[in-house]
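Values below: every heavy atom of this structure, side chains too, minus hydrogens, waters and symmetry copies. The first residue in the sequence is number 1, and the count goes up from there.
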Amino acid sequence: MTRITFYRRGGVFYGFHEIGHSGFADAGNDVLCAAISSMTMLVVNIIEVSFETDVQYLIDEEKAKITVTVLGALPEYAEDEKKQFAASGVIEGYYNQLRDLMEEYYEYLSVEIKDDETVV
């Protein structure tokens with residue numbers, strides 16, 4: 001199962017942590033894992049390249065683990081309010097897309113939100 005935890009503070013999405021393979025199909029044929037990986041990199045590229053906002057990410061391919069943090073999505077770190085809202089909006093959009101996927105793939109995908117007061 002792939003478990004994805006989104007980080008949110010004060011209603012603002014600023015990152016996520018993904019771990020595990022979905023197990024929907026064998027490696028190389030798992031469309032769910034492929035979709036999640038593709039969407040993850042799309043989110044990172046949109047924020048980092050299109051919005052020119054710093055994205056911190058750690059990838060551990062052996063453990064099927066990725067952590068993405070966008071401090072610029074938080075008001076206290078944002079230099080540009082438009083980029084802040086855009087970055088947070090893209091992350092929230094990813095959360096909503098995964099929630100939709102979870103309706104069909106609930107045995108293979110878990111999505112939750114962690115509201116916190118400190119940055120990971």
Report yes if the side chains of V70 and I91 come closer than 4.5 Å at any heavy-atom pair, otherwise no. yes
Rounding to 0.5 Å, atoms CD1 (I66) and CE (M41) come to a distance of 6.0 Å
In the structure I gave you, are the side-chain heavy atoms of L101 and M39 within less than 4.5 Å of one another anywhere? yes
Measure the spacing between CG of L98 and CD of E112 and express it to the nearest 0.5 Å. 12.5 Å
Pair listing, ring-ring contact (aromatic ring centres under 6.0 Å, His included) test, anchored in residues 24-47, at least two apart: F24-Y105, F24-Y108
Check whether the side chains of H17 and T67 place a donor and an acceptor atom closer than 3.5 Å, and report yes or no. yes
Quick check on D115: does its CG atom have over 12 non-hydrogen neighbours (other residues, nucleotides or ligands) under 6.0 Å away? yes
Rounded to the nearest 0.5 Å, what separation is found between the CG atom of D116 and the OG1 atom of T5? 11.0 Å
Which atom pair, heavy atoms only, marks the closest approach of S88 to A73? N-CB, 3.9 Å
Determine, using the 4.5 Å side-chain heavy-atom cutoff (strictly less than), whether Y106 and I36 are members of one ILVMFWY cluster. no
So, do E52 and K83 sit near enough that their side-chain heavy atoms are less than 4.5 Å apart? yes
Would F85 end up clustered with I47 when hydrophobic side chains under 4.5 Å apart are linked, directly or stepwise? no
Flag yes if I19 and Y57 sit in one hydrophobic cluster, no otherwise; membership is Ile, Leu, Val, Met, Phe, Trp, Tyr, and two members link when side-chain heavy atoms are under 4.5 Å apart. no
Quick one: CD on E107 to CG on L32, what's the gap to the nearest 0.5 Å? 11.5 Å
Find out whether M1 and S22 are in side-chain contact, i.e. whether some heavy atom of one side chain is under 4.5 Å from a heavy atom of the other. no
Cation-pi between R9 and Y14: NZ/CZ under 6.0 Å from ring centre and within 45° of the ring axis? yes
Quiz question: by atom type and distance under 3.5 Å, do the side chains of Y77 and D54 form a donor-acceptor pair? no
Quick one: pull up CZ in R99 and CD1 in I4 and give me the separation to the nearest 0.5 Å. 11.5 Å
When the ring centroid of F6 is compared with that of Y94, is the distance short of 6.0 Å? yes
I need the I59 CD1 to K65 NZ distance, nearest 0.5 Å. 12.5 Å
Do you know which two heavy atoms are closest between A64 and H21, and how far apart they sit? CB-NE2, 3.5 Å
Using only heavy-atom distances, determine whether the side chains of Q56 and T69 contain a donor-acceptor pair under 3.5 Å. no
Closest heavy-atom pair and its distance - Q84, A78: CB-CB, 3.5 Å
Please tell me whether E18 and T40 have a donor and an acceptor in their side chains that are separated by less than 3.5 angstrom. yes
Taking side chain as C-beta onward, heavy atoms only, is F51 less than 4.5 Å from I46? yes
Return the minimal non-hydrogen interatomic distance between C33 and T2, and the atom names on each side. SG-OG1, 4.4 Å
Does any non-hydrogen side-chain atom of F13 lie less than 4.5 Å from one of Y95? yes
